[in-house]
Peer 1: 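Here it is, the structure in full.
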There are 2 protein chains.
Amino acid sequence: MATTTAAQRREQARFEYDAFLRSCPTNQLLDRISDKWVSLVVAALAAGPLRYSDLARKIAGVSPKMLTQTLRSLERDGILTRTVTPSVPVRVDYELTPLGSSLAHLLTAVKAWAETHFDEVHTARERYDTETDAPSAP
Amino acid sequence: MATTTAAQRREQARFEYDAFLRSCPTNQLLDRISDKWVSLVVAALAAGPLRYSDLARKIAGVSPKMLTQTLRSLERDGILTRTVTPSVPVRVDYELTPLGSSLAHLLTAVKAWAETHFDEVHTARERYDTETDAPSAP
DNA sequence: CGGAATCCCATTCGATACTG
DNA sequence: CAGTATCGAATGGGATTCCG
């Protein structure tokens with residue numbers, strides 16, 4: 001017996017892996033800040049509160065769908081607050097919470113790392129491309 | 001005239017946005033470390049060099065395809081080194097470079113932030129779900 | 001103005017099978 | 001052991017349209 005070993009073993013491994021991820025706050029939050037738009041929104045709001053259309057203009061390339069989706073998930077996580085002012089044309093402001101500010105600081109650290117080591121990465125990348133792309137080319 | 005305003009304007013905005021991203025090292029590297037598997041591989045290698053199959057076992061849930069793909073891109077960026085020992089069964093070791101170690105440190109900082117603020121996020125999330133999910137539910 | 005809902009395409013990812 | 005190749009499923013994300 002045990003014809004199903006290989007497949008089932010990975011399936012079970014995957015199960016345990018999922019359980020691990022669920023129990024690991026790091027991965028949950030890493031996934032959150034990993035999002036392409038999240039970092040841009042947080043960076044845009046770091047300077048101060050903005051309205052929906054201001055964000056759309058500042059980020060410049062985001063579709064309304066993704067902007068709304070991103071803002072909702074960030075609001076849900078307590079990264080920012082959404083304030084509706086029921087004037088005639090509705091006005092909605094978004095602002096970072098203290099938690100959001102601390103996230104902005106973290107992203108600043110990431111940015112610092114990226115700027116510090118970008119040269120190394122760039123160099124390594126070019127060398128790798130040269131070595132693998134033209135090792136035996138005429 | 002100007003029937004195409006809305007769509008075309010965003011298209012052009014998108015173009016500029018792409019140009020911005022290309023010139024911004026932060027986003028390039030943020031995208032790299034954002035990857036779900038990258039962080040796991042770096043974390044796994046932080047303790048010391050590992051062989052391919054060791055990594056597959058330690059990460060437990062990754063397909064060979066993604067593992068190889070992740071390792072290649074990290075090698076390309078100078079995050080880790082790949083050492084082939086041409087013994088009878090081929091042996092390949094992966095090890096973090098100094099650059100990779102610094103990235104591991106950064107991920108540690110992210111992890112610290114996540115663990116520090118996980119409660120807040122969790123609380124905010126539950127509150128949000130409660131408020132939006134059952135305000136008028138029977 | 002600020003958003004919700006729908007459609008749909010492109011990329012990505014995972015599982016499997018095969019090779020050196 | 002350490003990959004590569006291929007296929008199908010899932011997902012993300014953009015455009016569009018309509019509501020309050």
Side-chain angles (χ1 to χ4, degrees), chain A residues 3-15 17-18 21 31-32 34-41 49-76 80-95 132, chain B residues 3-15 17-18 21 31-32 34-38 40-41 49-75 80-95 132:
Chain A
T3 336
T4 52
T5 0
Q8 283 198 344
R9 231 177 321 166
R10 199 159 32 218
E11 196 176 355
Q12 202 212 331
R14 184 128 209 286
F15 181 78
Y17 161 79
D18 280 351
L21 278 196
D31 271 14
R32 175 71 4 105
S34 294
D35 191 88
K36 176 178 160 188
W37 301 114
V38 165
S39 45
L40 293 173
V41 167
L50 288 175
R51 298 179 58 179
Y52 182 88
S53 46
D54 291 335
L55 279 170
R57 217 169 301 117
K58 190 157 187 174
I59 297 184
V62 67
S63 63
K65 174 184 174 179
M66 291 318 294
L67 184 54
T68 300
Q69 185 175 305
T70 304
L71 289 169
R72 281 288 133 74
S73 73
L74 289 178
E75 184 196 1
R76 186 172 108 100
L80 52 81
T81 57
R82 176 172 176 269
T83 311
V84 181
T85 307
S87 40
V88 182
V90 193
R91 175 200 175 101
V92 183
D93 286 270
Y94 294 93
E95 182 173 12
T132 53
Chain B
T3 336
T4 51
T5 0
Q8 282 199 344
R9 228 176 326 164
R10 195 147 47 218
E11 195 178 353
Q12 203 213 330
R14 183 131 208 283
F15 181 77
Y17 161 79
D18 280 350
L21 277 195
D31 270 14
R32 175 72 4 106
S34 293
D35 190 88
K36 175 179 162 190
W37 299 115
V38 165
L40 293 172
V41 167
L50 288 175
R51 300 177 57 179
Y52 182 89
S53 49
D54 291 334
L55 279 170
R57 217 170 300 117
K58 190 157 186 174
I59 297 185
V62 65
S63 63
K65 174 184 176 177
M66 290 318 294
L67 183 55
T68 299
Q69 184 176 306
T70 303
L71 289 170
R72 283 288 136 78
S73 73
L74 290 178
E75 184 197 1
L80 51 80
T81 58
R82 175 172 175 269
T83 310
V84 180
T85 307
S87 42
V88 183
V90 193
R91 175 198 176 103
V92 182
D93 287 86
Y94 293 93
E95 182 173 12
T132 53

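Side chains included, hydrogens not; waters and symmetry mates left out as well; all remaining heavy atoms used. Order of the sequence lines fixes the chain letters, A, B, ..., with proteins taken first and strands second; residue numbering starts at 1 for each chain.
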Peer 1: Considering all heavy atoms of both residues, which atom of A:Val41 and which atom of A:Leu71 are nearest to each other, and what is their separation?
Peer 2: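 Residues A:Val41 and A:Leu71, closest heavy atoms: CG1-CD2, 4.0 Å.
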Peer 1: Hey, is the side chain of A:Arg51 poking within less than 4.0 Å of OP1 or OP2 on C:dG2, counting only N and O atoms?
Peer 2: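 So the side-chain polar atoms of A:Arg51 do come within 4.0 Å of the phosphate oxygens OP1 or OP2 of C:dG2, strictly under.
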Peer 1: Just how far, in rounded Å, is C1' of D:dG14 from CE of A:Met66?
Peer 2: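 Rounded to the whole Å, the gap is 9 Å.
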Peer 1: For A:Lys36 and D:dT11, give me the distance from atom NZ to atom C1', rounded to whole Å.
Peer 2: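 Between C1' of D:dT11 and NZ of A:Lys36: 14 Å.
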Peer 1: Specify the separation, in whole Å, of atom CD1 of A:Ile59 and atom C1' of D:dG13.
Peer 2: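 These atoms are roughly 15 Å apart.
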Peer 1: Report the distance from atom CG of A:Asp93 to atom C1' of C:dC1, rounded to the nearest whole Å.
Peer 2: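 Those two atoms, CG and C1', are 12 Å apart.
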Peer 1: Quick check on DNA chain D: between A:Gln69 and B:Pro89, whose nearest nucleotide comes earlier from the 5' end?
Peer 2: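 Its nearest nucleotide lies further toward 5', so the answer is B:Pro89.
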Peer 1: Excluding sequence neighbours, so at least two apart, what forms side-chain contact (heavy atoms from CB on, under 4.5 Å) with B:Val88?
Peer 2: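 side-chain contact (heavy atoms from CB on, under 4.5 Å) list for B:Val88, sorted by chain: empty.
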Peer 1: Mind grabbing the angle between the end helix axes of the helix from C:dC1-D:dG20 to C:dG20-D:dC1? Five pairs an end, 10° rounding.
Peer 2: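 Taking five pairs per end, the axes differ by 40°.
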Peer 1: Between C:dG2 atom C1' and A:Leu50 atom CG, what is the distance in whole Å?
Peer 2: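 It works out to 15 Å between those atoms.
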Peer 1: Can you check nucleotides 3-10 of chain C for protein contacts, nitrogen or oxygen pairs under 3.5 Å, and list what you find?
Peer 2:
from, atom 1, to, atom 2, distance (Å)
C:dG3, OP1, A:Arg82, NE, 2.9
C:dG3, OP1, A:Arg82, NH2, 2.8
C:dG3, OP1, A:Tyr94, OH, 3.0
C:dG3, OP2, A:Tyr94, OH, 2.9
C:dA4, OP1, A:Arg72, NH1, 2.6
C:dA4, OP2, A:Arg72, NH1, 2.7

Peer 1: With B:Arg57, which residues qualify under side-chain contact (heavy atoms from CB on, under 4.5 Å), at least two apart?
Peer 2: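 Applying side-chain contact (heavy atoms from CB on, under 4.5 Å) to B:Arg57 gives B:Ser53, B:Asp54.
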Peer 1: Taking only residues two or more places apart in sequence, or in another chain, which ones meet B:Arg51 in a salt bridge (charged side-chain N to carboxylate O under 4.0 Å, His left out)?
Peer 2: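 Salt bridge (charged side-chain N to carboxylate O under 4.0 Å, His left out) check on B:Arg51 returns nothing, list empty.
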Peer 1: Quick one: list whatever passes side-chain hydrogen bond (donor to acceptor under 3.5 Å, both in side chains) with A:Thr83, sequence neighbours left out.
Peer 2: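 Checked A:Thr83 against side-chain hydrogen bond (donor to acceptor under 3.5 Å, both in side chains); zero matches.
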Peer 1: Side chain of A:Ser63: nearest nucleotide among C:dG2, D:dG14, C:dC13?
Peer 2: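 Nucleotide nearest to A:Ser63's side chain: D:dG14.
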Peer 1: Can you tell me if B:Trp37 touches the phosphate of C:dG14, counting only side-chain N or O atoms and a distance under 4.0 Å to OP1 or OP2?
Peer 2: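 Affirmative; the distance criterion is met.
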Peer 1: Test of understanding: with side-chain hydrogen bond (donor to acceptor under 3.5 Å, both in side chains), list the residues that count as partners of B:Arg82, not counting sequence neighbours.
Peer 2: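 Applying side-chain hydrogen bond (donor to acceptor under 3.5 Å, both in side chains) to B:Arg82 gives B:Tyr94.
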Peer 1: Can you measure B:Leu55 atom CG to D:dG3 atom C1' for me and round it to whole angstrom units?
Peer 2: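 Nearest whole value for this atom pair: 13 Å.
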Peer 1: Kindly give the heavy-atom pair with the smallest separation between B:Lys36 and B:Leu40, and that separation in Å.
Peer 2: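 Heavy atoms only, the tightest pair is O-CG, 3.6 Å.
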Peer 1: With sequence neighbours excluded, what pairs up with B:Arg32 under the side-chain hydrogen bond (donor to acceptor under 3.5 Å, both in side chains) test?
Peer 2: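 In terms of side-chain hydrogen bond (donor to acceptor under 3.5 Å, both in side chains), with neighbours along the sequence ignored, B:Arg32 is linked to B:Asp77.
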Peer 1: Separation of B:Asp35 atom CG from C:dT12 atom P, in whole Å?
Peer 2: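 Roughly 11 Å, once rounded to whole Å.
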Peer 1: Which residues satisfy the side-chain hydrogen bond (donor to acceptor under 3.5 Å, both in side chains) test with A:Asp35, sequence neighbours excluded?
Peer 2: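 side-chain hydrogen bond (donor to acceptor under 3.5 Å, both in side chains) list for A:Asp35, sorted by chain: empty.
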